[in-house]
*Asks:* 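Could you have a look at this structure, given as structure tokens, before my questions?
Reckoned from all heavy atoms, side chains included, excluding hydrogens, waters and symmetry mates.
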Amino acid sequence: MKVSLFATCIVDMFQTNVGKATVELLEHLGCEVIFPKGQICCGQPAYNSGYVKDAKEAMKNMITAFDDAEYVVCPSGSCAYMFREYEKVFADDVLWATRAKRLAKKTYELTQFIVDVLGITDVGASFDGNVTYHMSCHMTRLLGVKSAPLTLLENVKGLTYTELPNKTTCCGFGGTFSVKMTPISEQMVDEKVQHIIETKAKYLVGADEGCLMNIRGRAERLGAHVQVLHIAEILNSRDAEVRAQCQ
């Protein structure tokens, strides 16, 4: 099966280790991973800020970049959902509507693809540690992916899972929200970090690097002793390699 990787801006610029883990994991599961070099930003920051016309240029570029893809897999529920949003954006555009719809239908968040398309619930990962999981808003509320990441984590050998209190609350990131509404965002992420501390888990895991970047930064400022990892890093672990990288 050929899979085209939609890496996302944050992974590409800040967390390349997540991109590497995603590729290695998919290859381990028997996929041939392709990286379309024409990909750029999906246009979500501009689109969510109301600059729809400007965002369309980035969207058209991404539609073109992934036109020939069999499946598009993304290590971010938020960005994966943005591809689904293209169908609505170009609904009245006869030149782009069909292509946008085709892209939306073949795009999946990483854990969603593994469970729902590949039909795999145990990737053979091994990770010795106490983990709690952050449910990001776009991934759960909009994309509708809730059980797949937890199912995969439950089958990681040696992993102990502790549920996060108020797990469905937002971490305060929200892209430009954290910039425009900083005082509110700060209070939200402070609450999230406090709940993480309450679990006594050593590792916080999530599937959206934007949320994780926000939580990681605040946790460090507050002196919280928790390691923040993307779920791809956990699922790609075959021994103690991820823990060694964190220490």
*Asks:* What's the shortest heavy-atom distance between Ala207 and Glu109, and which atoms?
*Replies:*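 Of all heavy-atom pairs spanning Ala207 and Glu109, the closest is CB-OE2, 3.9 Å.
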
*Asks:* Hey, could you give me the CG/CG distance between Leu25 and Leu235, rounded to the nearest 0.5 Å?
*Replies:*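 If I round to the nearest 0.5 Å, the distance is 5.5 Å.
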
*Asks:* Is there a side chain to side chain donor-acceptor pair (under 3.5 Å) between Tyr161 and Glu154 once you walk through the steps?
*Replies:* CA-CA 7 Å; Tyr161 173 71; Glu154 286 171 0; over 6 Å; no

*Asks:* Examine Phe113 together with Tyr71 and report whether their ring centres are nearer than 6.0 Å.
*Replies:*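 Between Phe113 and Tyr71, the centre distance is under 6.0 Å.
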
*Asks:* Could you tell me the separation between the CD atom of Gln187 and the OG atom of Ser185, rounded to the nearest 0.5 Å?
*Replies:*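 Separation between the atoms: 9.5 Å.
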
*Asks:* Pair Gln112, Asp116 - check side chain to side chain donor-acceptor pair (under 3.5 Å), show working.
*Replies:* CA-CA 6 Å; Gln112 178 190 33; Asp116 296 344; 4.5 Å; no

*Asks:* If you measure from the Lys or Arg side-chain nitrogens to the Asp or Glu carboxylate oxygens, is any gap between Asp67 and Arg102 under 4.0 Å?
*Replies:*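 Yes, Asp67 and Arg102 are salt-bridged.
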
*Asks:* Output the distance between atom CD (Glu85) and atom SG (Cys79), rounded to the nearest 0.5 Å.
*Replies:*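 So the gap between those two atoms works out to 13.0 Å.
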
*Asks:* Do Met213 and Gln15 come close enough that some side-chain heavy atom pair is under 4.5 Å?
*Replies:*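 In short, these two side chains do not touch, never coming nearer than 4.5 Å.
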
*Asks:* What are the two closest heavy atoms between Met188 and Gly172, and how far apart are they?
*Replies:*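 Heavy atoms only, the tightest pair is CB-CA, 3.8 Å.
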
*Asks:* With a 4.5 Å heavy-atom cut-off, do Met139 and Pro149 have their side chains touching?
*Replies:*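 Yes, their side chains come closer than 4.5 Å.
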
*Asks:* Any carboxylate oxygen within less than 4.0 angstrom of a Lys/Arg side-chain nitrogen, looking at Glu186 and Arg218?
*Replies:*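 So Glu186 pairs with Arg218 through a salt bridge.
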
*Asks:* Check Glu209 with Arg216, please: is the shortest side-chain N to carboxylate O separation under 4.0 Å?
*Replies:*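 A salt bridge links Arg216 with Glu209.
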
*Asks:* Using every non-hydrogen atom in the two residues, find where Thr22 and Ala232 come nearest and quote the distance to one decimal.
*Replies:*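 Where Thr22 meets Ala232 most closely, the heavy atoms are OG1-CB, 3.6 Å.
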
*Asks:* Return the CG to CD1 distance between Asp68 and Ile34, rounded to the nearest 0.5 Å.
*Replies:*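 If we round to the nearest 0.5 Å, Asp68:CG and Ile34:CD1 are 9.5 Å apart.
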
*Asks:* What are the two closest heavy atoms between Asp12 and Thr16, and how far apart are they?
*Replies:*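 That would be O-CG2, 3.4 Å.
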
*Asks:* Less than 4.5 Å apart, side chain to side chain, heavy atoms only: is that true for Glu163 and Thr199?
*Replies:*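 Counting from C-beta outward, Glu163 and Thr199 never come under 4.5 Å.
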
*Asks:* Between His134 and Thr132, is there a side-chain heavy-atom distance shorter than 4.5 Å?
*Replies:*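 The answer is no; the side chains never approach within 4.5 Å.
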
*Asks:* Determine, step by step, whether Met62 and Gln39 satisfy the side chain to side chain contact (heavy atoms under 4.5 Å, CB included) criterion, reporting the C-alpha distance in whole Å, the side-chain angles of both residues, the deciding distance to 0.1 Å, and the verdict.
*Replies:* CA-CA 6 Å; Met62 294 298 266; Gln39 62 181 288; 3.8 Å; yes

*Asks:* If you look at every heavy atom in Thr121 and Asn155, which pair is closest and at what distance?
*Replies:*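 Heavy atoms of Thr121 and Asn155 come nearest at O-ND2, 2.8 Å.
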
*Asks:* Answer whether the closest heavy-atom distance between the side chains of Lys56 and Val89 falls below 4.5 Å.
*Replies:*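 In contact.
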
*Asks:* Which distance, rounded to the nearest 0.5 Å, do you find between the CG of Asn214 and the OG of Ser136?
*Replies:*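 Rounded to the nearest 0.5 Å, the CG-OG separation comes out at 12.0 Å.
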
*Asks:* In terms of relative ring orientation, are Phe66 and Phe83 parallel, tilted or perpendicular, with 30° and 60° separating the classes?
*Replies:*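 Ring orientation of Phe66 relative to Phe83: perpendicular.
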
*Asks:* How about Lys101: does its NZ atom have over 12 heavy atoms from other parts shown lying under 6.0 Å from it?
*Replies:*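 Not buried by this count: 12 neighbours or fewer within 6.0 Å.
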
*Asks:* What closest approach, in Å, do Ile231 and Val205 show between heavy atoms, and which atom pair accounts for it?
*Replies:*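 Here Ile231 and Val205 meet closest at CA-CG1, 3.6 Å.
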
*Asks:* Any side-chain heavy atom of Tyr47 sitting closer than 4.5 Å to one from Met82?
*Replies:*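 The answer is yes, as the side chains (C-beta and beyond) meet within the 4.5 Å cut-off.
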
*Asks:* Sequence neighbours excluded, which residues qualify as side-chain hydrogen bond (donor to acceptor under 3.5 Å, both in side chains) partners of Thr162?
*Replies:*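 Scan of Thr162 (side-chain hydrogen bond (donor to acceptor under 3.5 Å, both in side chains), adjacent residues dropped) gives Asn130.
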
*Asks:* Do Thr168 and Arg141 have side-chain atoms, one donor and one acceptor, less than 3.5 Å apart?
*Replies:*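 Thr168 vs Arg141: no donor-acceptor pair found between side chains.
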
*Asks:* Are more than 12 heavy atoms, taken from residues, nucleotides or ligands other than Phe35, located less than 6.0 Å from that residue's CZ atom?
*Replies:*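 Atom CZ in Phe35 is packed in, count exceeds 12.
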
*Asks:* Is there a side-chain contact between Tyr108 and Val117 (heavy atoms, below 4.5 Å)?
*Replies:*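 Answer yes - side chains close enough.
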
*Asks:* If you round to the nearest 0.5 Å, how far is CD1 of Ile234 from OH of Tyr133?
*Replies:*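 Output value for this atom pair is 12.0 Å.
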
